[in-house]
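See below for the structure under consideration.
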Number of protein chains: 2
Amino acid sequence: MTIDRIINILMKSNKIFVTFHQSPDGDSLGSSLALINGLRSINKNIFIVSKEAIPENFSFLSLSNEIDGNLKEIPSNADCLVTLDCGNVERLNCDVKLDNRNFIVINIDHHLSNDYYGDINYVDTKAASVGEIIYRILTEMKIDIDTKIAECIYTSILTDTGSFRHSNTTYNTHLIAGELINTGLDFSSVHRKIFDNKKIEIIKLQGLVIDSLYTNDSKDICIMKLTEDMLSKVGVKECDSADLISIGLKIVSVEIAILLKETEDGVKVSLRSKNYVDVRKVAEKFGGGGHIRAAGLKLDAPIEEVEKILLKELEKELI
Amino acid sequence: MTIDRIINILMKSNKIFVTFHQSPDGDSLGSSLALINGLRSINKNIFIVSKEAIPENFSFLSLSNEIDGNLKEIPSNADCLVTLDCGNVERLNCDVKLDNRNFIVINIDHHLSNDYYGDINYVDTKAASVGEIIYRILTEMKIDIDTKIAECIYTSILTDTGSFRHSNTTYNTHLIAGELINTGLDFSSVHRKIFDNKKIEIIKLQGLVIDSLYTNDSKDICIMKLTEDMLSKVGVKECDSADLISIGLKIVSVEIAILLKETEDGVKVSLRSKNYVDVRKVAEKFGGGGHIRAAGLKLDAPIEEVEKILLKELEKELI
C-alpha cells in the first residue's frame, strides 16, 4: 500500500522537508504543520521549505513560526521532500528541480488535476482536505494526536469544506472531525480564529459594498460594486472577493451574484451561482473561465458598461 | 432502557401526537418532522399539534405543511403525546392539561433545565440537538433513514450547533452527520436554505448597522446601533439581533459586541463576548440577564446615554 511505503520512507529518512502550493491556504498550512508536529513528536528531523511566510490569521497554529519564508530551497542533505496540496511542480512554494536530485519526493494531494510528479504519489481525490490524509498517515504511524496536531488538521478540514458545507465533505470528514474533537480540542475557538478574524476596515468595506448592492427586477441576479474610491475611503488596498460576493448569495431569491471590481486596467468581474446557472459558460464568452458555480473575467471598459453587458448576458441564463 | 420503553409505547399507540416549544426553531421543527416522516413510513398515525405555523424558511422540510397552526389541542382519542425540545409544560406549543388525561406523555429533550414533566423522560443534555435523539430512536426502530428524514435531522443539527461550531457539538454529532450524508442527502443545499435565506431588506439593514459600527480606542469593544429610522429606511419591522451582533464579533480585535436597539419604550441592548468577559454579570447590574457570552438588558433612556453608560461599565471588564 502507498501509505505503508510513505511511512517506511519517512521512518528511514534523516532529513525530511515539507512544502506546499504558492499562496498557501488553511489546508496546506494545517496539513503541513500537522505533519511537522506529528513527526517531531517521534524525534524526526523535519522542516518547512517555503518562499512565503504564514499569513497572520493562521499564526495560531503550533509551529507556525517555522513558516517564515526563509528556507526557500531544498538543502543538499535532504533525504525526502513531502509536497502537500499541490498538483504540479510549477506551483510549489520552493525552488526545486526534480530531474537531478538525491532525495525522494512524496506527493500527497487531493486535486483531480494532480500531475503525479512524485516518486510516490498519494492522491486521494475523495479526501475533502489534505489534512484528512495526514491524519490517516499519523494514526497509521500510531503517533498520538494531541490537541496541537488536532488543531492543525481541524483547520485544514474547516477551511477546505467551508465548515462542513461544501459538497466535498464526506462521512470520513465528519468521522475525523469527531475524533479530533475527542482529543479535547477547543474547536469553537478554531472557528472563531478562522471566520471571525476580520479587520474593522474590511467590515466597513462590506458596508459600502452592501450600499452598492441591488437586484434585477426578478430578484434573481444581485449586482455589487467595489470601486477604488471605496477602498481608499476605508483605507485598505485589497479585499478578498469571495467574502464580498458571498453577501449577495445570502439573499434568498438570488441565483447569480456579480461583483464588479474596478482596477487600474479595467473591471475584474466575479460571478457566482447557487443552484443551476453555469457561470463559467458566460465567463468564457468574455475570455474568462472558472467553475460552474464560480467564475471570473476581466473587461477593459467603464464599470457601468460592463454592468449592462453582463446583466443582459446573465438574464438569458435564468429559467 | 428509556429508549426501549419509548419505542414500545410508540409501537402500541394508535394515535400519536407531537408538539414542541413555542417559537419553534430548526431543532424542534427538524426533530418533529423527522419523527413524523419516520413513523409514517411504518404506517403509524402520527400528527403535529402546534399553535404556530412553520416559519417560511423551514418550509423545505418534508411534511412541513402539516405544521399549519390548525390543530392546537390534544384530541381526546390520543394515546400518546411526544413533546420535543421543550423544558416545561408552560412553554409547550399547544393547550394541554397534564393532570387529567388518558394519554401517555413522552418528554424528549436536551435542556439542562428540563422539568421531567412526562411519564417517560428522555433528557440527554449531552445531545447537541434533539434531532440526534430522534435519529437514535428511529435507527433503533430499524426505520430506514431516507433523504427526507436525513434532511430534517441534519437541519436540527445544523441550526443548534451553528454548523458544527458551538461547543455543544460532539463526536456523536459528527458521526450522525456523516451517516446522514451517506443517505445521499444534498447537505450543501440544506446549508444554503438555512443560512442563505435573507431578504434583501435585511442585507440592506446590515449595511446601515455596519455604517453605525465603531470600536473603542483599544478596539476590543464594538458598538452597533439599530434605530427605528434604519428599520423604516429599508422597510422592515423586525430583524434578528443575533444576526446583526455577530457582525461586530467578526472583527479580530473585538472581545465584546454591543447592539443598541431603539424601541418604543427605551433601548434594548444585546451583549456578546468572545473569550473571557462575563456579559451576564454586566447585564444583571442593569436588571437584565442571560449567559456568560450572550446577555441582554433594557434601559429607558436616550440611546446616546445608554451607549455611554454601557461603554464605561464594559471597559472595566477588559483585561
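Every chain is numbered from 1 and lettered A, B, ... according to where its sequence line falls, protein lines coming before strand lines. We use all heavy atoms of the structure for the numbers below, so side chains are in, but hydrogens, waters and symmetry mates are not.
A 4.5 Å side-chain heavy-atom check between A/Val190 and A/Glu151 finds at least one atom pair inside the cut-off.
Across A/Ser253, A/Ser167, A/Gly162, the residue that shares the most heavy-atom pairs under 4.5 angstrom with chain B is A/Ser167. With chain A as partner, the option from B/Gly207, B/Ser246, B/Gly248, B/Cys222 having the largest number of non-hydrogen pairs under 4.5 angstrom is B/Gly207. Contacts with chain A were tallied for B/Asn197, B/Asp196, B/Ile176, B/Ile251; B/Asp196 has the most, counting heavy-atom pairs under 4.5 Å. Top candidate by heavy-atom pairs under 4.5 Å with chain B, chosen from A/Ile247, A/Asn275, A/Asn172, A/Thr173, is A/Asn275. Listed options B/Phe164, B/Phe195, B/Tyr214 were ranked by heavy-atom pairs under 4.5 angstrom with chain A; first place goes to B/Phe164.
Proximity to chain B is absent for every atom of A/Ser189, based on heavy atoms less than 4.5 angstrom apart. The parts of B/Ile203 that come within reach of chain A are both its backbone and its side chain, each placing non-hydrogen atoms under 4.5 angstrom from that chain. Heavy atoms closer than 4.5 Å to chain A are found in both the backbone and the side chain of B/Thr169. Contact annotation for B/Ile202: neither backbone nor side-chain heavy atoms come within less than 4.5 Å of a heavy atom of chain A. With a threshold of 4.5 angstrom between heavy atoms, A/Ile181 approaches chain B through side-chain atoms but not through N, CA, C or O. Heavy atoms of A/Lys193 lying under 4.5 Å from chain B are absent altogether. With a threshold of 4.5 angstrom between heavy atoms, B/Lys219 does not approach chain A through any atom at all. With a 4.5 Å cut-off on non-hydrogen atoms, A/Leu180 does not touch chain B at all.
Between A/His166 and B/Phe187, the distance separating the two ring centers is not shorter than 6.0 angstrom. In this structure, the ring of A/His174 has its center no less than 6.0 angstrom from the ring center of B/Tyr171.
B/Asp220 and B/Ser218 share a donor-acceptor pair across their side chains, judged by distance under 3.5 Å alone. Donor-acceptor pairing under 3.5 Å is recorded for the side chains of B/Asp27 and B/Ser156.
A salt bridge between B/Glu56 and B/Lys199 is absent, with no side-chain N of the basic residue lying under 4.0 Å from a carboxylate O of the acidic one. A salt bridge between B/Asp278 and B/Arg293 is absent, with no side-chain N of the basic residue lying under 4.0 Å from a carboxylate O of the acidic one.
B/Glu262 places a side-chain N or O within donor-acceptor distance of the main-chain N or O of B/Glu228, the cut-off being under 3.5 Å.
No more than 12 heavy-atom neighbours from other residues, nucleotides or ligands sit within 6.0 angstrom of CG on B/Asp217.
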